[in-house]
Enquirer: 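Can you read through this structure? Questions will come right after.
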Protein chains: 2
Amino acid sequence: MLTIGTLSKKTGTKVQTIRYYEQIGLMPEPGRTEGGQRRYDNAQLDRLSFIRHSRQLGFSLDAIRELLDLSDHPNRPCDEADAIARRQLKQVEQRMARLKALRTELKRMVHECSGGRTGDCKVLEVLRDHSECLTEHEEIGA
Amino acid sequence: MLTIGTLSKKTGTKVQTIRYYEQIGLMPEPGRTEGGQRRYDNAQLDRLSFIRHSRQLGFSLDAIRELLDLSDHPNRPCDEADAIARRQLKQVEQRMARLKALRTELKRMVHECSGGRTGDCKVLEVLRDHSECLTEHEEIGA
DNA sequence: GATACATCCTCTAGCTGCTAGAGGTTCAAG
DNA sequence: CTTGAACCTCTAGCAGCTAGAGGATGTATC
């Protein structure tokens with residue numbers, strides 16, 4: 001029987017976050033002591049590890065909900081899990097492409113700054129005038 | 001004299017967002033008509049373009065606040081603007097590195113999935129057991 | 001059995017950066 | 001003068017947590 005604190009340490013998830021996962025139905029309601037404190041078993045530890053690892057790989061909580069559901073039904077075909085992972089991969093690739101364009105632009109800004117007064121600062125100038133950019137970049141909402 | 005809608009179209013910023021920027025003090029309070037509607041001038045259009053462009057380059061609203069302040073004082077040395085841009089560049093590079101590790105892992109997961117039942121799905125298996133990962137990856141909070 | 005104190009509990013509010021909607025007013029064209 | 005698009009304010013919501021108040025519990029030690 002594990003306390004929430006132990007679970008927290010074992011998975012690297014904050015105590016508050018574990019309670020939050022329970023609240024949104026991602027973690028099941030655990031057993032309680034007479035005094036009302038949560039006690040977990042190993043299955044729940046595994047589940048939290050799964051969640052945590054999926055988060056590290058960038059999956060949304062909604063995607064994780066689906067993945068957990070699939071994981072709970074070993075006899076279903078796994079196309080769906082595969083599709084979710086592919087979707088995630090695609091997203092990651094898109095984000096990388098956008099970041100690449102940003103990096104180019106930022107590098108250029110920084111390299112051209114000559115260290116004078118803000119009045120002639122290349123960094124600020126570029127921000128003032130998008131037409132000075134070589135690449136299209138659209139980071140907002142990434 | 002520009003309406004908020006015109007400003008919105010010219011900069012690609014939603015009307016609500018412009019009002020939000022005003023609320024948090026990023027945009028100045030504009031003049032108003034007798035009836036209470038906002039009217040902007042070109043200086044304010046420029047300012048919003050600056051904000052918008054900076055957002056596209058991934059700067060936080062706090063960073064933009066600093067950059068705007070620097071831009072308003074052309075006689076100060078521009079080291080600071082340069083530092084903010086360098087910081088941003090560093091962040092972008094860190095995020096790219098993290099995404100790269102993720103991509104590797106996701107690719108591997110997807111390629112190894114043989115299309116059977118969820119019980120033997122490689123995707124789910126990897127999520128269950130971090131030790132199957134080749135790389136360290138820590139996306140959370142990216 | 002008493003005491004200390006770390007850990008637990010619930011609840012509310014806050015973070016970033018918007019976005020959406022309700023319910024009502026103003027402006028400009030015809 | 002009427003219509004209808006665009007404006008106004010206000011509140012609440014999104015993801016995914018995180019922090020803090022104010023109090024109860026569990027366990028180790030004496």
Side-chain angles (χ1 to χ4, degrees), chain A residues 1-27 29-40 44 48 50-68 87-88 91 95 98 138-142, chain B residues 1-27 29-40 44 48 50-68 87-88 91 95 98 138-142:
Chain A
M1 287 298 138
L2 311 161
T3 66
I4 198 169
T6 313
L7 215 62
S8 165
K9 262 166 226 150
K10 289 207 180 204
T11 61
T13 315
K14 301 214 165 151
V15 167
Q16 299 282 43
T17 305
I18 300 173
R19 292 200 274 248
Y20 170 70
Y21 287 160
E22 179 184 331
Q23 196 185 299
I24 61 168
L26 214 54
M27 285 291 286
E29 292 195 15
R32 301 267 184 158
T33 61
E34 298 231 324
Q37 298 196 355
R38 291 169 178 81
R39 289 300 122 99
Y40 297 89
Q44 288 164 331
L48 184 55
F50 185 106
I51 295 171
R52 174 83 183 161
H53 192 201
S54 304
R55 284 295 296 140
Q56 286 176 341
L57 286 164
F59 289 95
S60 71
L61 294 182
D62 264 3
I64 295 172
R65 213 185 288 274
E66 290 182 73
L67 289 166
L68 278 168
R87 217 194 300 148
Q88 179 64 18
Q91 260 184 38
R95 283 168 68 188
R98 263 179 284 153
E138 232 189 87
E139 230 284 281
I140 289 176
Chain B
M1 285 298 136
L2 311 160
T3 65
I4 199 170
T6 313
L7 216 64
S8 166
K9 263 167 227 149
K10 288 207 183 205
T11 61
T13 315
K14 300 215 165 150
V15 167
Q16 299 282 41
T17 306
I18 299 174
R19 292 200 274 249
Y20 170 71
Y21 287 159
E22 179 185 332
Q23 197 186 299
I24 62 168
L26 213 53
M27 283 293 284
E29 291 194 16
R32 299 269 186 159
T33 61
E34 297 231 326
Q37 297 196 355
R38 291 170 178 80
R39 288 300 121 100
Y40 296 90
Q44 288 164 331
L48 184 54
F50 185 106
I51 295 172
R52 174 82 182 162
H53 192 198
S54 304
R55 284 295 295 140
Q56 285 176 342
L57 286 164
F59 290 94
S60 72
L61 294 182
D62 264 1
I64 295 172
R65 212 185 288 275
E66 289 182 73
L67 290 167
L68 279 168
R87 216 194 299 145
Q88 179 64 17
Q91 259 185 38
R95 283 168 69 189
R98 262 178 283 153
E138 231 187 89
E139 231 284 283
I140 289 177

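For the numbers below, each heavy atom of this structure counts, side chains included, while hydrogens, waters and symmetry mates do not. Throughout, protein chains are lettered first and strands after them, A, B, ... in sequence-line order, and every chain is numbered starting at 1.
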Enquirer: Atom CD1 of A:Ile4 and atom P of D:dG26: how far apart are they, to the nearest Å?
Expert: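 The answer, rounded to whole Å, is 14 Å.
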
Enquirer: Taking only distance into account, with no hydrogens and no angle test, what donor-acceptor pairs under 3.5 Å do side-chain atoms of residues 7-14 of chain A form with protein atoms, sequence neighbours excluded?
Expert:
unit_1  : atom_1 : unit_2  : atom_2 : d
A:Ser8  : OG     : A:Thr13 : O      : 2.7
A:Thr11 : OG1    : A:Leu7  : O      : 2.8
A:Thr11 : OG1    : A:Thr13 : N      : 3.3
A:Thr11 : OG1    : A:Thr13 : OG1    : 2.8

Enquirer: Specify the separation, in whole Å, of atom CG of A:Asp62 and atom P of D:dC17.
Expert: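 In whole Å, D:dC17 P lies 12 Å from A:Asp62 CG.
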
Enquirer: Have a look at B:Ile24 and say if it touches a base, only the backbone sugar-phosphate, or nothing, with a 4.0 Å heavy-atom cut-off.
Expert: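 Touches nothing.
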
Enquirer: Quick one: which of C:dC9, D:dT18, C:dT19 gets closest to the side chain of B:Tyr20?
Expert: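 The answer is C:dT19.
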
Enquirer: Rounded to whole Å, how long is the line connecting atom CE of A:Met27 with atom P of D:dC17?
Expert: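 My rounded result for the distance is 13 Å.
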
Enquirer: Quick check against the 3.5 Å criterion: does B:Gln88 have a side-chain atom that pairs as donor or acceptor with the backbone of B:Ala63?
Expert: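 Side chain of B:Gln88 to backbone of B:Ala63: no pair is present.
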
Enquirer: Nearest-Å distance, CG (A:Leu2) to P (D:dG26)?
Expert: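 Whole-Å distance recorded here is 16 Å.
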
Enquirer: I would like to know whether A:Met27 and A:Leu48 meet side-chain contact (heavy atoms from CB on, under 4.5 Å); could you show each step before the answer?
Expert: CA-CA 7 Å; A:Met27 285 291 286; A:Leu48 184 55; 4.0 Å; yes

Enquirer: Nearest-Å distance, CD (B:Gln56) to P (C:dG17)?
Expert: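 Nearest whole value for this atom pair: 15 Å.
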
Enquirer: Got a sec, which residues hit side-chain contact (heavy atoms from CB on, under 4.5 Å) with B:Tyr20, two or more places apart in sequence or on another chain?
Expert: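 B:Tyr20: side-chain contact (heavy atoms from CB on, under 4.5 Å) contacts with B:Ile24, B:Leu61.
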
Enquirer: Which residue, B:Leu67, B:Thr17, B:Leu26, B:Ile18, forms the side chain to side chain contact (heavy atoms under 4.5 Å, CB included) with B:Ile51?
Expert: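 Of the listed residues B:Leu67, B:Thr17, B:Leu26, B:Ile18, the side chain to side chain contact (heavy atoms under 4.5 Å, CB included) partner of B:Ile51 is B:Leu26.
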
Enquirer: Between B:Arg65 (CZ) and C:dT16 (C1'), how many Å, whole number?
Expert: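 Atom CZ in B:Arg65 sits about 12 Å away from atom C1' in C:dT16.
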
Enquirer: Identify each atom pair where a protein N or O and an N or O of nucleotides 25-30 of chain C are less than 3.5 Å apart, giving names and distance.
Expert:
unit_1 : atom_1 : unit_2  : atom_2 : d
C:dC27 : OP1    : B:Thr33 : OG1    : 2.7
C:dC27 : OP1    : B:Gly35 : N      : 3.1

Enquirer: Within the sub-3.5 Å range, which N or O atoms of nucleotides 4-6 of chain C have a protein N or O partner, and how far apart are they?
Expert:
none

Enquirer: List the residues meeting side chain to side chain donor-acceptor pair (under 3.5 Å) with A:Gln44, not counting sequence neighbours, and say none if there are none.
Expert: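 With neighbours one apart ignored, the set is empty.
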
Enquirer: I need the B:Gln16 CD to B:Arg19 CZ distance, nearest 0.5 Å.
Expert: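 Between B:Gln16 CD and B:Arg19 CZ, I get 5.0 Å after rounding to 0.5 Å.
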
Enquirer: Can you give me the closest heavy-atom contact between B:Arg55 and B:Phe59, atom names plus distance?
Expert: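 Shortest heavy-atom separation between B:Arg55 and B:Phe59 comes out as NH1-O, 2.8 Å.
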
Enquirer: Tell me whether the OP1 or OP2 atom of D:dC7 has a side-chain N or O from B:Arg38 closer than 4.0 Å.
Expert: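 Result: no.
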
Enquirer: Can you list the steps and then say if B:Arg32 with B:Arg38 is a side-chain contact (heavy atoms from CB on, under 4.5 Å)?
Expert: CA-CA 5 Å; B:Arg32 299 269 186 159; B:Arg38 291 170 178 80; 3.4 Å; yes

Enquirer: Could you walk me through whether A:Asp62 and A:Glu66 pass the side-chain contact (heavy atoms from CB on, under 4.5 Å) test, one step at a time?
Expert: CA-CA 7 Å; A:Asp62 264 3; A:Glu66 290 182 73; 5.5 Å; no

Enquirer: Nearest whole Å is fine: how far is D:dC17 C1' from A:Glu22 CD?
Expert: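 About 16 Å, once rounded to whole Å.
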
Enquirer: Can you measure from CZ (B:Arg95) to CZ (A:Arg98) and round to the nearest 0.5 angstrom?
Expert: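 Atom-to-atom, B:Arg95:CZ and A:Arg98:CZ are 9.0 Å apart.
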
Enquirer: Given D:dC8, C:dC9, D:dC17, which nucleotide is nearest the side-chain atoms of A:Arg32?
Expert: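 Selected nucleotide: C:dC9.
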
Enquirer: What does the list of N/O pairs under 3.5 Å between the protein and nucleotides 19-23 of chain D look like, with a distance for each?
Expert:
unit_1 : atom_1 : unit_2  : atom_2 : d
D:dA19 : N7     : A:Gln16 : NE2    : 3.2
D:dG20 : O6     : A:Gln16 : NE2    : 3.0

Enquirer: Could you grab the distance from atom CE of A:Met1 to atom OG1 of A:Thr6, nearest 0.5 Å is fine?
Expert: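 Atom-to-atom, A:Met1:CE and A:Thr6:OG1 are 12.0 Å apart.
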
Enquirer: How many whole angstroms separate atom CG of B:Leu61 from atom P of C:dT19?
Expert: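 Rounded to the whole Å, the gap is 11 Å.
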
Enquirer: Is the distance from OP1 or OP2 of D:dG16 to the nearest side-chain N or O of A:Tyr21 less than 4.0 Å?
Expert: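 Checking D:dG16 against A:Tyr21, no side-chain N or O comes under 4.0 Å of OP1 or OP2.
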
